[in-house]
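Atom set for the values below is all heavy atoms of this structure, side chains included, hydrogens, waters and symmetry mates excluded. Here is how names work: the chains are called A, B, and so on, in the same order as the sequence lines, proteins then strands, and each is numbered from 1.
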Amino acid sequence: MNQAKPIKLYNTLSKSKEEFVTVEEGKVRMYVCGPTVYNYIHIGNARPMIVFDTVRRYLEYKGYDVNYVSNFTDVDDKIIKKANEEGVSASEISERFIIEAKKDMEDLNILPATTHPKATEEIEGMIEMIKDLIEKGYAYEKGGTAYFRTRFFNEYGKLSKKNLEELEAGIRIAVSEEKEDSMDFVLWKPKKEGEPYWESPWSKGRPGWHIECSVMAKKYLGSKIDIHAGGEDLVFPHHENEIAQSEAANGEEFAKYWLHNAFLNIDNKKMSKSEGNFFTVREISEKYPLQVLRFFMLSAHYRSPINFSKELMESSKNALDRILTAINHLEELTKITEEKPLVEDELKLQEEFKNYINKFEDSMDDDFNTADAISVIFEMVKVSNTKLNKESSKTLIEETYNNISTLCNLLGIITKKKEELLDKEIEDLIEQRQQARKNKDFNQADQIRNLLLEKGIIIEDTREGIRWKRA
RNA sequence: GGCGACAUAGCCAAGUGGUAAGGCAGCGGUCUGCAACACCUCCAUCACCAGUUCAAAUCUGGUUGUCGCCUCCA
């Protein structure tokens, strides 16, 4: 366990960087608000998934045992609307897009959560918590709807730094007459015609959005968790309301650290369907390997807004290729170099790489500064490209290969798939091209190269031999 | 209207008091049958104004600009 160096993370609750100390030593309980599944996930959904997956990987790297929970909201107005449009049940829609979301997540190299709860499978727990809140006086029922009595929770607004008076002044929606107070929010609402519903003491209906996360977090992680994360738009009202519900019901602090990622914009504008600047992860995957999207997302700090564009994807693709090329190169060197004692310069290099790893960790320890961490990888790539060759000691080559790959894996920006790509046909063609080159038949050689290019294989003649990669 | 964030090269992006990391693109080279890869070289004084300090991109005040939340949008 390498927790000697502490992690500092920015806590929305205190608006400052704090040293990370877990509730229980060596263990991290982490909850990340997941998507509402009414369509393929979009690239905006992908940002928190990628960012917090990276956080999770790093915490595990540091030796923590991480219990990572991320939900699917599978009952919601948008899902019902889509279901009605297609003339199918709401669950048919949600089930379908959960499957699709999981596919995209796998391609984004996002590790499966310890648990992926679904709201509709946790209704019983939600009813229990609402009952509890009503008993404790923090909630009430009116006409089949259960409301949370916001004013009874003294600390309401502590996350978003809003106070009830300001909020009330800013109210822009029609306030239900039933509410005791305009700031009260819904815990349970009765069904409308044609909507899915569950039985409850108050009405046939369904839970409000906020109660879902409070209940799922408690069930799978306990009443006090370490990290609660999500997009910054969730700070208010979603997370504020979660705090109110959970802390009112459980009588203790809900989450120690609140992490929020900034938004992803398109051409400096918020992505939205109505603006026509909306991209699903699936669409992007048709043009780029999703590692590129992941790399792009991690190339800025998670609390800074990032702007998505084709140009930046191209830039990211080229940058990532530089790293991948270096790793492939090292891998080949491991096959042709010889085992021998390290000479003095190599010992120095070994030391240098150790320093780079430290630097990488320092960056990640500082509120998960992935942009800085990536720059360290580039520095390692540079040194590797410049100083290592087929005369180097195998030991050093292997170490360097492992070091760089480990850090890249930590960020999830590389996948190990090359083996499956190797097939007989490609190897034969490469061999034929070599023969042609030997015979100085460059026309033939170029033809074969073009043929391979059509199949998506790029050939490179390097000092150490032929190399190929997927376009 | 209330609350908040941000402003670093053509593009992206680190850096929060000691004199500007890294990547992409571009220029000029080396290597190469060619191409690609790789390597070498070049490419900014940090929105503006004023202040604090021996010293500021980094702190303070102001100006301008961009963006977000206050609408069950990540």
Quick one: label A:His301 by what it contacts on the DNA or RNA (base, sugar-phosphate, nothing), any heavy atom closer than 4.0 Å. sugar-phosphate

Kindly point out which of B:rC39, B:rA14, B:rG22 is positioned nearest to the side chain of A:Phe378? B:rG22

So what does A:Asn385 touch, heavy atoms closer than 4.0 Å: a base, only the sugar-phosphate, or nothing? sugar-phosphate

Check: A:Lys270 side chain, B:rC73 base, donor-acceptor under 3.5 Å: yes

Do any side-chain nitrogens or oxygens of A:Lys359 fall under 4.0 Å of OP1 or OP2 in B:rG22? no

Students often get this wrong, so: under 4.0 angstrom with heavy atoms, is A:Arg322 touching a base, only sugar-phosphate, or nothing? sugar-phosphate

Considering only atom P, compute the distance from B:rA35 to B:rC48 and round it to an integer number of Å. 43 Å

What is the ring orientation for A:His239 with A:Trp258, classed by angle as parallel under 30°, tilted 30 to 60°, or perpendicular over 60°? tilted

Any donor-acceptor pair, under 3.5 Å, between the side chain of A:Asp446 and the base of B:rG33, if you only look at N and O atoms? yes

Give one of base, sugar-phosphate or nothing for A:Phe442, where a contact means two heavy atoms less than 4.0 Å apart. base

How are the rings of A:His210 and A:Phe185 set to each other: parallel, tilted or perpendicular (split at 30° and 60°)? perpendicular

Over all strands shown, is A:Glu311 touching base, sugar-phosphate only, or nothing at heavy-atom distances under 4.0 angstrom? nothing

Considering every strand and a 4.0 Å limit on heavy-atom distances, what is the contact class for A:Lys440: base, sugar-phosphate, or nothing? nothing

If you look at every strand shown and take non-hydrogen atoms under 4.0 Å, does A:Glu379 touch a base, only sugar-phosphate, or nothing? sugar-phosphate

Does B:rC54 pair with anything, Watson-Crick or G-U wobble, both distances under 3.5 Å, and if so, with which nucleotide? B:rG18

When all nucleic acid strands are considered with a 4.0 Å heavy-atom cut-off, which category describes A:Asn307: base, sugar-phosphate, or nothing? nothing

Can you tell me the Watson-Crick or wobble partner of B:rA5, both distances under 3.5 angstrom? B:rU66

Measuring only the C1' atom in each nucleotide, how far is B:rG28 from B:rU60? A whole number of Å is fine. 46 Å

Candidate nucleotides B:rC11, B:rC24, B:rC37, ranked by approach to the side chain of A:Ser315 - the nearest: B:rC24

On RNA chain B, more 5' by nearest nucleotide between A:Asn369 and A:Arg449 is A:Asn369

Using the closest heavy atom to pick a nucleotide of RNA chain B for each, name whichever of A:Leu320 or A:Asp77 lands nearer the 5' end. A:Leu320

What is the pairing partner of B:rA38, taking Watson-Crick or G-U wobble pairs with both distances under 3.5 Å in any strand? B:rU30

Describe the nucleic acid contact of A:Asp321 in one word from base, sugar-phosphate, nothing, applying a heavy-atom distance below 4.0 Å. nothing

Test side-chain hydrogen bond (donor to acceptor under 3.5 Å, both in side chains) applied to A:Asp53 and A:Tyr68, step by step: CA-CA 9 Å; A:Asp53 175 66; A:Tyr68 188 94; 5.7 Å; no

Hey, does A:Ile459 reach any base, or is it just sugar-phosphate, or nothing, if we go heavy atoms under 4.0 Å? base

Nearest-angstrom distance, C1' atom, B:rU30 to B:rC37: 14 Å

Crowded around A:Glu106 CD? As in, over 12 foreign heavy atoms under 6.0 Å? no

For the ring pair A:Phe279 and A:His42, is the centre-to-centre distance below 6.0 Å? no

What's the gap between B:rA56 and B:rG51 when it is taken at their P atoms, as a whole Å value? 13 Å

Can you find a donor-acceptor N/O pair under 3.5 angstrom joining the side chain of A:Asp461 to the base of B:rC34? yes

Can A:Asp367 and A:His301 be counted as having a side-chain donor-acceptor contact under 3.5 angstrom? yes

Can you check the distance between B:rG15 and B:rG22, where both ends of the measurement are the P atom (answer in whole Å)? 15 Å

Euclidean distance for C1', B:rG26 against B:rU41 (whole angstrom): 13 Å

Expressed as a whole number of Å, how far does the C1' atom of B:rC54 sit from that of B:rU66? 36 Å

Touch check for A:Ile41, heavy atoms < 4.0 angstrom, all strands: base, sugar-phosphate only, or nothing? nothing

Proximal nucleotide (of B:rC39, B:rC37, B:rG68) relative to the A:Thr386 side chain: B:rC39

Do A:His42 side-chain and B:rA74 base share a donor-acceptor contact under 3.5 Å? yes

Counting only heavy atoms not in A:Lys158 (residues, nucleotides, ligands), do more than 12 fall under 6.0 Å from its NZ? yes

Would you please indicate if the ring centroids of A:Phe254 and A:His228 are separated by under 6.0 Å? yes

Paired with B:rG61: which nucleotide, if any, by Watson-Crick or G-U wobble criteria at under 3.5 Å for both distances? B:rC49

B:rU19 versus B:rU58 - spacing of their C1' atoms, nearest Å: 12 Å

Which of B:rG4, B:rG2, B:rA14 is nearest the side chain of A:Lys162? It is B:rG2

For the side chain of A:Asn318, starting at C-beta, report the closest nucleotide among B:rC24, B:rC69, B:rC40. B:rC24

